[in-house]
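Letters A, B, ... mirror the listed sequences (proteins, then strands); counts begin at 1. Note that this is a predicted model, so its numbers are computed, not measured.
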Amino acid sequence: GENVEQHPSTLSVQEGDSAVIKCTYSDSASNYFPWYKQELGKRPQLIIDIRSNVGEKKDQRIAVTLNKTAKHFSLHITETQPEDSAVYFCAASPNQAGTALIFGKGTTLSVSS
Amino acid sequence: DSGVTQTPKHLITATGQRVTLRCSPRSGDLSVYWYQQSLDQGLQFLIQYYNGEERAKGNILERFSAQQFPDLHSELNLSSLELGDSALYFCASGQGQRENIQYFGAGTRLSVL
């Protein structure tokens, strides 16, 4: 089955800096890769996703890149703000018939002002 | 608000007891997914239902079971509870067909004392 590894487990940056979180997956059949943000005590919220026919996707200050050959994908947050502080989870799944997501263990991002 | 409703928000019970967690998916979504989030294990997929039928099983214990009713709401039953079952239990819903985007409910925090 699919296995997703996520690094780093914690990340501290200064406000305005960029943050990068990386994930690798094991199942070459996986072709859907979402990223979720979870604030303390709240639900995971989908912030961006990418499918395997796309190499990069941007939404304002966040972007995701995918390298299918190397089986890794990354989340990039530019111009970080204190409200970006949260736990970020990557996930992978085969995008067929609504299969379950396999999550990485999460990255705790702290943005200090 | 994701449109996914989970009740109750908090549940405190004793070892050996049985509890039921409830989830109502977003309007139009046919798939319901249950995930367990504990401190050291991240988000673990438990089980998926699609239009009333079990579709996939993850790391779900035999003491746990679930079902999806004709109105598409789902219940997760946890029995013979142990201290280690204390966790956040999330339900997510999705279309379950062509897309795999999943939206999470606010979760049920289970404390087994």
Side-chain angles (χ1 to χ4, degrees), chain A residues 1-10 21 23-25 27 29-54 57 59 64 66 73 86-109, chain B residues 1-7 9-10 23 25-26 28-51 53-60 66 68 72 87-109:
Chain A
E2 177 64 275
N3 181 53
V4 177
E5 299 206 353
Q6 183 171 346
H7 300 280
S9 56
T10 60
I21 303 170
C23 290
T24 60
Y25 61 98
D27 189 347
S30 288
N31 55 14
Y32 174 65
F33 308 94
W35 286 87
Y36 285 83
K37 175 184 179 182
Q38 187 178 27
E39 296 174 355
L40 193 62
K42 303 255 179 98
R43 75 189 78 202
Q45 284 192 294
L46 178 67
I47 56 171
I48 195 167
D49 58 12
I50 192 167
R51 299 176 198 280
S52 60
N53 57 346
V54 176
K57 184 177 178 181
D59 183 3
V64 57
L66 171 65
F73 56 112
V87 180
Y88 291 81
F89 292 95
C90 64
S93 85
N95 187 29
Q96 51 191 8
T99 50
L101 298 174
I102 304 302
F103 285 88
K105 289 195 181 269
T107 296
T108 301
L109 174 64
Chain B
D1 187 1
S2 66
V4 180
T5 304
Q6 284 189 253
T7 57
K9 288 187 179 178
H10 302 278
C23 169
R26 295 187 328 149
D29 284 351
L30 300 178
S31 248
V32 169
Y33 310 80
W34 286 97
Y35 293 89
Q36 180 192 56
Q37 185 175 39
S38 52
L39 280 174
D40 58 345
Q41 291 296 322
L43 279 158
Q44 297 262 309
F45 167 64
L46 296 178
I47 196 164
Q48 178 200 357
Y49 278 81
Y50 174 77
N51 203 21
E53 305 262 333
E54 181 185 303
R55 172 157 283 182
K57 267 187 173 179
N59 300 319
I60 189 166
Q68 186 179 29
L72 300 178
L88 259 174
Y89 291 85
F90 285 104
C91 163
S93 80
Q95 186 194 52
Q97 288 184 305
R98 293 167 56 189
E99 289 197 342
N100 200 18
I101 298 174
Q102 295 180 26
Y103 298 93
F104 281 74
T108 293
R109 182 172 294 280

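No close placement of the B:F45 and A:F103 rings is indicated, their centers lying 6.0 Å or farther apart.
The side chain to side chain donor-acceptor pair (under 3.5 Å) search around B:W34 returns B:S74, not counting sequence neighbours. Residues meeting the side chain to side chain donor-acceptor pair (under 3.5 Å) test with B:Q36, sequence neighbours left out: B:Y89.
The greatest number of non-hydrogen atom pairs below 4.5 Å with chain A, out of B:G58, B:A106, B:G107, is found for B:A106.
For A:P34, no part lies near chain B; criterion is any non-hydrogen pair under 4.5 Å. With a 4.5 angstrom heavy-atom cutoff, B:Q6 does not touch chain A via any of its atoms.
Rounding to the nearest 0.5 Å places CD of A:Q38 at 6.0 Å from CG of B:L43.
Minimum interatomic distance between A:R43 and B:S2 (heavy atoms only, all atoms of both residues): NH1-OG, 2.5 Å. When all heavy atoms of A:Y36 and B:Q102 are compared, the pair lying nearest together is OH-O, 2.7 Å.
When side chains are defined from C-beta on, A:Q45 does not count as touching B:F104, because their heavy atoms never get closer than 4.5 Å.
Judged purely by atom type and a 3.5 angstrom limit, B:Y103 has no side-chain atom pairing as donor or acceptor with the backbone of A:L46.
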Could you go through the side-chain contact (heavy atoms from CB on, under 4.5 Å) check for A:L101 and B:Y35 one step at a time? CA-CA 10 Å; A:L101 298 174; B:Y35 293 89; 3.6 Å; yes
